[in-house]
J.: 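Provided herewith is a single structure, encoded as structure tokens, for subsequent inquiry.
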Amino acid sequence: MNSVTDTPTRRRTDKPNAAHATLKSLEAYWQTLRHAQRIPSRNDIEPRQIDDALPHAFILQRVAPGVARMRVAGQGLHDLLKMDARGMPISTLILPEARDDIASLIEDAFTTPAIVSIPLLSPSSLLRQDLTGTMLLLPLRDEKGDTSRILGALVTDDAPGNRPRRFQIKPGAAIRNEPLQPRLASVQGLVHRAKDKGPDAARPALRLVVNNG
């Protein structure tokens with residue numbers, strides 16, 4: 001068994017690292033709100049459309065780089081923490097040694113923006129078994145159009161038990177970190193600015209992204 005001090009392998013994948021139906025249905029609903037490639041708005045979310053995911057769902061608000069608080073949190077988050085999760089930083093769910101890595105991934109979801117899915121492990125102890133799960137992060141726009149909200153969910157593979165659980169990235173597991181396409185408005189602005197610069201001016205430069213972390 002890997003110890004809690006293991007360094008997780010962070011490698012890119014184009015497929016979700018968990019096949020849990022709750023997360024699939026939540027992402028499918030979020031995708032239906034992406035009209036013209038726009039990131040959905042916080043106000044677009046209708047709770048009755050995600051009934052199955054509600055116990056596991058949360059809304060994050062970015063309050064500083066790498067810092068986000070749960071403004072809405074389902075009963076499943078309460079069951080993991082053994083306290084009301086609303087208003088708590090998302091780092092409350094994370095073991096101290098994993099907080100920097102997970103904060104970086106959450107920041108990617110906000111600022112890239114990107115769909116992020118993180119495989120999690122709450123390590124075993126004398127009185128409890130390992131608990132595995134997945135955290136899914138789906139960017140949302142606020143009323144100003146900034147990507148400062150996230151629709152997320154944390155689903156575990158078993159019941160959490162009667163003690164609080166904290167998580168690390170599951171060692172060796174693949175993390176999904178999928179940048180979204182540029183917003184339609186940004187592309188239109190690029191084409192408009194390029195009208196007097198020749199036929200190739202509207203083509204955005206290719207950007208190579210390498211994740212060696």
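The chain is numbered in sequence order, starting from 1. Here the structure is a predicted model, which means the values were calculated and not measured.
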J.: Checking Thr111 side chain against Pro113 main chain: does a donor-acceptor pair fall under 3.5 Å?
T.: no
J.: Taking the side chain as every heavy atom from C-beta outward, state whether Pro40 and Arg141 have any pair of such atoms under 4.5 Å apart.
T.: no
J.: Do Pro164 and Leu81 come within less than 4.5 Å of each other through their side chains, counting heavy atoms only?
T.: no
J.: Check the side chains of Arg71 and Gln61 for a donor-acceptor pair under 3.5 angstrom, ignoring hydrogens and angles.
T.: yes
J.: Which distance, rounded to the nearest 0.5 Å, do you find between the CD1 of Ile90 and the CG of Leu154?
T.: 7.0 Å
J.: State whether Glu27 and Arg176 are salt-bridged, where the test is any N-O pair (Lys NZ or Arg NE/NH1/NH2 against Asp/Glu carboxylate O) under 4.0 Å.
T.: yes
J.: Compare every heavy atom of Ala98 with every heavy atom of Phe167, then report the nearest pair and how far apart it is.
T.: O-CB, 4.1 Å
J.: For Arg42, is there any backbone N or O sitting under 3.5 Å from a side-chain donor or acceptor partner on Arg149?
T.: no
J.: CG/Leu93 to CD1/Ile102 distance, rounded to the nearest 0.5 angstrom?
T.: 9.0 Å
J.: For Ala153 versus Phe58, what's the shortest heavy-atom pair and its separation?
T.: N-CE2, 3.5 Å
J.: Measure the CG-CG distance between Leu151 and Leu137 for me, rounded to the nearest 0.5 Å.
T.: 9.5 Å
J.: Got Leu180 and Thr112 here, is their nearest side-chain heavy-atom distance under 4.5 Å?
T.: no
J.: Using atom types as modelled and distance alone, determine if a side-chain donor or acceptor of Thr92 lies under 3.5 Å from a backbone N or O of Met88.
T.: no
J.: Could you check whether atom CZ of Arg86 has more than 12 heavy atoms from other residues, nucleotides or ligands sitting under 6.0 Å from it?
T.: no
J.: Would you tell me whether Ser122 and Arg165 have side-chain atoms, one donor and one acceptor, within less than 3.5 Å of each other?
T.: yes
J.: For Gln49, I'd like to know if atom CD has over 12 heavy atoms of other residues, nucleotides or ligands within 6.0 Å.
T.: yes
J.: What about Met83 and Leu77, same hydrophobic cluster or not, with Ile/Leu/Val/Met/Phe/Trp/Tyr joined at side-chain heavy-atom distances under 4.5 Å?
T.: yes
J.: Are the side chains of Asn177 and Ile115 in contact, using a 4.5 Å heavy-atom criterion?
T.: no
J.: As an exercise, state the distance from CG of Asp142 to OG1 of Thr147, rounded to the nearest 0.5 Å.
T.: 8.0 Å
J.: Any chain of hydrophobic side-chain contacts (each under 4.5 Å) joining Leu54 to Leu33?
T.: yes
J.: Is the backbone N or O of Pro123 less than 3.5 Å from a side-chain atom of Asp130, with the two atoms forming a donor-acceptor pair by type?
T.: no
J.: Can you tell me how far CD1 of Ile94 sits from CZ of Arg166, rounded to the nearest 0.5 angstrom?
T.: 9.5 Å
J.: Can you name the closest pair of heavy atoms from Pro89 and Arg69 and give their distance?
T.: CD-NH1, 3.3 Å
J.: What's the shortest heavy-atom distance between Pro139 and Ala109, and which atoms?
T.: CG-O, 3.3 Å
J.: Rounded to the nearest 0.5 Å, what separates atom NZ in Lys170 from atom CG in Leu121?
T.: 7.5 Å
J.: Identify the two heavy atoms, one from Leu80 and one from Leu131, that lie closest to each other, and give their separation to 0.1 Å.
T.: CD2-CD2, 4.2 Å
J.: Is the backbone of Ile45 close enough, under 3.5 Å, to the side chain of Tyr29 for a donor and an acceptor to pair up by distance?
T.: no
J.: Going hydrophobic residue to hydrophobic residue with side-chain gaps under 4.5 angstrom, can you get from Val67 over to Ile150?
T.: no
J.: Please assess Arg128 against Arg163 for the test side-chain contact (heavy atoms from CB on, under 4.5 Å), listing each intermediate value before the final yes or no.
T.: CA-CA 9 Å; Arg128 61 188 181 187; Arg163 294 174 179 267; 3.9 Å; yes
J.: Are Arg62 and Glu107 close enough for a salt bridge, meaning some N to O gap below 4.0 Å?
T.: yes
J.: Report yes or no: do Asp52 and Thr22 form a side-chain donor-acceptor pair below 3.5 Å?
T.: no
J.: If I compare all heavy atoms of Ala173 with all of Pro119, which pair ends up nearest, and what's the gap?
T.: CB-CG, 3.3 Å
J.: Verify side-chain contact (heavy atoms from CB on, under 4.5 Å) between Leu60 and Val72, making sure each step is shown before the conclusion.
T.: CA-CA 7 Å; Leu60 290 184; Val72 177; over 6 Å; no
J.: Are Ile50 and Trp30 packed together at the side-chain level, in the sense that at least one heavy-atom pair is separated by less than 4.5 angstrom?
T.: no
J.: A side-chain contact here means heavy atoms from C-beta on lying under 4.5 Å apart; do Thr156 and Leu120 qualify?
T.: no
J.: Return yes if some donor-acceptor pair links the side-chain N/O of Asp44 with the main-chain N/O of Ser41 below 3.5 Å, else return no.
T.: yes
